[in-house]
There are 2 protein chains.
Amino acid sequence: MYTVCSVKPRSRMRPDEIAGLLRRAVRERLLVPGQPLNQDELAKRFGVSRIPLREALRTLAGEGLVVMRPGIGAVVTELDAEELNELYGLRLQLEPPLAEWIVARARAEDLEELEGILARISSLGEGNLEAWANLDYLFHRRVAELSGRRHSLRLVTQVLNLIEPYSRLYVHLVGPEHHLVSEHEEVIAAIRAGDARALEARMVRGLESARRRLVESASSMDEDVDLVSLLGGDEDAGTG
Amino acid sequence: MYTVCSVKPRSRMRPDEIAGLLRRAVRERLLVPGQPLNQDELAKRFGVSRIPLREALRTLAGEGLVVMRPGIGAVVTELDAEELNELYGLRLQLEPPLAEWIVARARAEDLEELEGILARISSLGEGNLEAWANLDYLFHRRVAELSGRRHSLRLVTQVLNLIEPYSRLYVHLVGPEHHLVSEHEEVIAAIRAGDARALEARMVRGLESARRRLVESASSMDEDVDLVSLLGGDEDAGTG
DNA sequence: CCGCGGCCGGATGTATACAGTGTGTTCCGT
DNA sequence: ACGGAACACACTGTATACATCCGGCCGCGG
């Protein structure tokens, strides 16, 4: 029993939009890793038949966000600590090289937008873990988008989306990392200064520390910890 | 009018298999970049209805191999010289770091398989451009697979598949590069020696020279050259 | 002669209906 | 009471049929 999006669409939703909402649902842990996705249920929520819904799932499968097993259906991709480590390695390979493109293309309005996101992060209270995680994701994504490198961005986004459910779980476990605000400020400063080296170095350091934190955390919770309760799961988990 | 696969399947083909055949068809330029894909036609060829075929197309769309435009349909992804350059940059970021994993995991049987591929390449005559390109692709893919890094491999494969139609076009234009055989021999030697540094260096050099050759070639043929005739296209292109 | 608007063929996109399959349960036998 | 097999349900997977939309052709008017 999960809630993805009960909004009634004005016109019939297209598979691309459904895929977008599903991506967000996976990132935000409305659909958790390992969870089987009931096609009838999801199709009803989106107000379409199973055909366009299945096409959206296939798109996500192509991006690696879900796996479709014949006769079983789609399941949200599960990652272990080793895979998370690998994915952070990919971010380290993919994102820092974008620095020179980012500083070359960033405009004043782009910087303003980033500062706006950062301001919204700073103004959040302690309780808004969801909003905090959403804005942090948005910040990183926007920075990468500034590079204007289409294919790099495609891959980076795929990796970000795969990591995000676990990153968000980590945030829920230990709370938001307030020192990241200063990291983000340094990123903006480097872009404004046009200093690709500084930006690259800042991205590397941020990614390495994030990798260390998240992978250690993931290793310690060795797969069979009941994480659902920590997220305020309201299942009737009674044993009958 | 194109020929992908007329083989009659023993049992009904599943979308994953269809996607695999479509990937190969794109790589081998049986479906060329920019080409609109007629769903009825393809579905008939694979012996299925349009539903599973469309799902296969969505998977490829998730991987970036095709783009689906609403109301228009699927079109094989087209790349310009700048994008090819970017994609080779991605290979340079993604593949060389796999070297240490490759030398750590490669077994004797893996080396034998690579040598077998190389032997088949060496034994090819001048005319077998298709076979040559297939084996070269296979060699690079197998090397990457040896790393055993699932997610890196996913991304590398996506990039390889995107590049391959253009790489193959280049091969058709200038013929196979026989010096690549010695490159491949060096790769095998580095793996056998367990020398990750040498393997990494060899990969970097090979990728950089391939990038230079292909991007220059792609830049010179500025989009509107009639490339079809060079590939032995047998269209009735008469204006009558 | 050229430009434009409405029709028409064809292809895409989707809902419905049905076939196939995996899963959980129940009932029987031991 | 326990193990196993068969049933039943539910869900996935796909074919058919229909609505929708794009593109080209023809005919009209300037």
Side-chain angles (χ1 to χ4, degrees), chain A residues 1-2 4-5 7-22 31-32 34-62 65-77 235-240, chain B residues 1-2 4-5 7-22 25 31-32 34-62 65-77 236-240:
Chain A
M1 199 60 64
Y2 39 83
V4 174
C5 176
V7 180
K8 280 296 173 188
R10 32 183 171 277
S11 75
R12 201 167 38 195
M13 246 172 157
R14 285 185 279 127
D16 283 344
E17 314 173 58
I18 298 174
L21 292 177
L22 285 176
L31 305 174
V32 299
Q35 173 172 350
L37 301 179
N38 185 312
Q39 298 175 7
D40 278 319
E41 166 120 10
L42 286 174
K44 222 175 297 176
R45 280 191 202 283
F46 290 123
V48 296
S49 83
R50 281 168 44 216
I51 302 295
L53 176 82
R54 284 176 60 85
E55 294 194 5
L57 288 176
R58 288 282 180 191
T59 302
L60 265 64
L65 263 194
V66 305
V67 291
M68 296 199 76
R69 296 207 175 86
I72 306 294
V75 176
V76 179
T77 300
E235 292 79 353
D236 47 346
T239 57
Chain B
M1 195 62 63
Y2 40 82
V4 175
C5 175
V7 181
K8 280 295 173 189
R10 34 182 169 278
S11 75
R12 199 167 38 193
M13 245 171 158
R14 285 183 282 130
D16 284 344
E17 314 173 58
I18 298 174
L21 291 176
L22 286 176
L31 305 174
V32 300
Q35 174 172 351
L37 302 178
N38 185 312
Q39 297 174 8
D40 279 320
E41 167 121 10
L42 286 173
K44 223 175 296 175
R45 279 190 203 284
F46 290 122
V48 296
S49 81
R50 280 169 45 215
I51 303 295
L53 175 82
R54 284 176 59 85
E55 294 194 5
L57 289 176
R58 288 281 180 192
T59 301
L60 266 64
L65 264 193
V66 304
V67 291
M68 296 198 76
R69 297 209 176 86
I72 306 295
V75 176
V76 180
T77 300
D236 47 347
T239 59

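A, B, ... follow the sequence lines: proteins, then strands. Residue 1 opens every chain. Here the structure is a predicted model, which means the values were calculated and not measured.
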Write down the distance between CZ (Arg14(B)) and C1' (dG20(C)), rounded to a whole number of angstrom.
-> 13 Å
Could you tell me the separation between the CD1 atom of Ile51(A) and the C1' atom of dT16(C), rounded to a whole number of Å?
-> 9 Å
Between dA15(C), dT12(D), dA11(C), which one does the side chain of Arg54(A) approach most closely?
-> dT12(D)
The nucleotide from dC11(D), dA17(C), dT12(C) with an atom nearest the side chain of Arg50(A) is dA17(C)
Spacing between Asp16(B) atom CG and dT14(D) atom C1', to the nearest angstrom | 15 Å
Taking Thr59(A) for its side chain and Gly62(B) for its backbone only, find out whether a donor-acceptor pair lies under 3.5 Å.
-> no
What heavy-atom pair brings Val76(B) and Leu31(B) nearest, and what distance separates the two atoms?
-> CG2-CB, 4.0 Å
What is the distance, rounded to the nearest whole Å, between atom CE of Met68(A) and atom C1' of dT14(D)?
-> 13 Å
Atom CG of Leu53(B) to atom P of dG13(C): distance rounded to whole Å?
-> 11 Å
If you measure from the Lys or Arg side-chain nitrogens to the Asp or Glu carboxylate oxygens, is any gap between Arg69(A) and Asp16(B) under 4.0 Å?
-> no
Which whole-number value in Å describes the distance from Glu55(B) CD to dA15(D) P?
-> 11 Å
Considering only heavy side-chain atoms of Asp40(B), the closest of dG13(C), dT12(C), dT12(D) is dT12(C)
Nearest-nucleotide 5' precedence on DNA chain C, Pro70(A) against Ser49(A) = Ser49(A)
Under 4.0 Å: is that the gap between some side-chain N or O of Gln39(A) and OP1 or OP2 of dA10(D)?
-> no
Give the intermediate values and the outcome of side-chain contact (heavy atoms from CB on, under 4.5 Å) for residues Val75(A) and Leu37(A).
-> CA-CA 6 Å; Val75(A) 176; Leu37(A) 301 179; over 6 Å; no
Length of the CZ-P vector between Arg12(A) and dT12(C), whole Å | 17 Å
Asn38(B) has an atom CG; how far is it from atom P of dG10(C), in whole Å?
-> 12 Å
